[in-house]
Amino acid sequence: MTFQRARRPEHKRQRYEASLAAARSLAEQEGVRAVSLADIATAVGVHKSALLRYFETREEIYLRLAAEDWQSWVTGMRAALDALPPGDAGGVAAAFAETLAERPLLCDLITHAALNLERNVSLESLRTYKRAAYGALGEIAASVRGVLPSLTAEDAFELAGAVGMIAASLWQMAHPTATLLELYAEEPELGHDRFPFVPTVTRMAETIIRGHLCRDGH
C-alpha cells in the first residue's frame, strides 16, 4: 500500500484485506496464541489504533479468518468425497484427516475459538462466526451422507464436529513448546510422534463412523 490513511473505499478495502492477510501469515508462522494486535498492525505498517477502525478486537480478526477457513474445509471435503464410491467409510475418514492436514491454521483456530476468541467479541460478531462454523458443519455432514446415506443427519453433523475437535487437539500436540521439545528429546516415548496426525485422525474418524453405523444396525 502506498497510502498512509485509508480515505477512499478502495483503500479501506485494501487495508482490511491486508490486515487479515497479515494476521493469517503471522499465525501460520507463530501460532494464533503468539500473535497480538500490535504484531498485526506492525506487519501492515500502521498503529494498532488504526486496525480498531476495521475490527473490534484481535479476537474478531481471527474469528473472521476462522469463518473463511471453515468454508475452505467445506470445499476441500466436497472435492474429496465426490471421488469416493458409495459406502466407503474408510475413504470418508481419510478425507477428513487429509483435508484437515491441509488446513493447519483451521485446526489451531478451532482450539482458540473455544478457549478465548469467542470471549472478547460482540454478540453480532459471535453470531456471524457461529453461523459460519455451524453452517460449514452442516454442509460437510450433507456431503458425508452422499457417500454414507445410512448415517442420519445428526450422526453426520456430530461426526464432522467431533473430528474437527480431535484434529484441533492433535495439532496442538504436534506443535509443542520449547520445554516440551526438550522433554521429548529426553523421553521420546512421551512425545507427540506417538500420535501422527493423519493416521490418528483417520483412525478416530473411522471409529466414530463405524460406531454410528453399528448402533443404527448397518
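Computed from heavy atoms alone, side chains included, the values below leave out hydrogens, waters and symmetry copies.
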R24 versus D69: any side-chain heavy-atom pair under 4.5 Å?
-> yes
Point-to-point distance, once rounded to the nearest 0.5 Å, from OG of S169 to CD1 of I110 | 9.5 Å
Of all heavy-atom pairs linking R58 and N116, the shortest is NH1-OD1, 4.3 Å
Does some side-chain heavy atom of H112 sit less than 4.5 Å from a side-chain heavy atom of Q172?
-> yes
When hydrophobic residues are tied together by side-chain contacts of less than 4.5 Å, even through go-betweens, does L52 share a cluster with I40?
-> yes
In Å and rounded to the nearest 0.5 Å, what is the CZ to OG1 distance from R33 to T111?
-> 8.5 Å
Test side-chain hydrogen bond (donor to acceptor under 3.5 Å, both in side chains) on T99 and W73 and set out the steps.
-> CA-CA 7 Å; T99 55; W73 189 26; 2.9 Å; yes
Walk me through it: do V74 and Q71 pass the test side chain to side chain contact (heavy atoms under 4.5 Å, CB included)?
-> CA-CA 5 Å; V74 170; Q71 195 56 47; 3.7 Å; yes
Just how far is it from atom CD of E139 to atom OG of S143, taken to the nearest 0.5 Å?
-> 7.5 Å
Minimum side-chain heavy-atom gap I140-F157 below 4.5 Å | no
Does E30 use its side chain to pair, donor to acceptor, with the backbone of L26 at less than 3.5 Å?
-> no
Which pairs count as salt bridge (Lys or Arg N to Asp or Glu O under 4.0 Å) when at least one residue sits in residues 98-119, sequence neighbours excluded?
-> E118-K130
Is there a side-chain contact between L183 and T179, using heavy atoms and a 4.5 Å cut-off?
-> no
E124 vs T128, side-chain hydrogen bond (donor to acceptor under 3.5 Å, both in side chains): CA-CA, chis, key distance, verdict = CA-CA 6 Å; E124 287 310 308; T128 298; 5.4 Å; no
Compare all side-chain heavy atoms of I208 with those of I166 and state whether any distance is below 4.5 angstrom.
-> yes
Residues forming a ring-ring contact (aromatic ring centres under 6.0 Å, His included) with F197, sequence neighbours excluded = none
On a heavy-atom basis, the closest approach of L65 and A23 is CD1-CB, 3.9 Å
Transitive ILVMFWY side-chain link Y134 to Y62, under 4.5 Å = yes
At what distance, to the nearest 0.5 angstrom, does CG of L51 lie from OG of S19?
-> 4.5 Å
Among the clusters formed by ILVMFWY side chains lying less than 4.5 Å apart, do L190 and L180 turn up in the same one?
-> yes
E182 atom CD, over 12 foreign heavy atoms within 6.0 Å | no
Working to the nearest 0.5 Å, report the span between CG of L137 and CD of E158.
-> 11.5 Å
Criterion side-chain hydrogen bond (donor to acceptor under 3.5 Å, both in side chains) on S125 and S122, from CA distance to verdict = CA-CA 5 Å; S125 291; S122 68; 3.3 Å; yes
Which pair of non-hydrogen atoms, one from A132 and one from W70, has the smallest distance, and what is that distance?
-> O-CB, 4.4 Å
Does a side-chain heavy-atom distance below 4.5 Å link I61 with Y54?
-> no
Between L170 and M204, is any pair of side-chain heavy atoms under 4.5 Å apart?
-> no
Do any N or O atoms from the side chain of T57 and from the backbone of V121 form a donor-acceptor pair under 3.5 angstrom?
-> no
Roughly how far apart are D155 CG and L159 CG, rounded to 0.5 Å?
-> 8.5 Å
Do the charged groups of R64 and E68 touch, with an N to O distance under 4.0 Å?
-> no
Nearest atoms (heavy-atom pairs only) where E59 meets L117 | CB-O, 3.5 Å
Min side-chain heavy-atom separation E206-R210 under 4.5 Å | yes
Side chain of T202, backbone of V198: donor and acceptor closer than 3.5 Å?
-> yes
With the 4.5 Å side-chain cut-off for hydrophobic clustering, are L115 and Y129 part of the same group?
-> no
Closest contact, heavy atoms only, V147 versus P85 | CG1-O, 3.4 Å
With side-chain hydrogen bond (donor to acceptor under 3.5 Å, both in side chains) as the test, would you mind laying out the steps for Y16 and R53 before giving the verdict?
-> CA-CA 10 Å; Y16 171 84; R53 297 171 187 160; over 6 Å; no
Exercise: identify the closest heavy-atom pair between P176 and L181 | CG-CD2, 3.5 Å
Do D39 and S36 have a side chain donor and acceptor closer than 3.5 Å?
-> yes
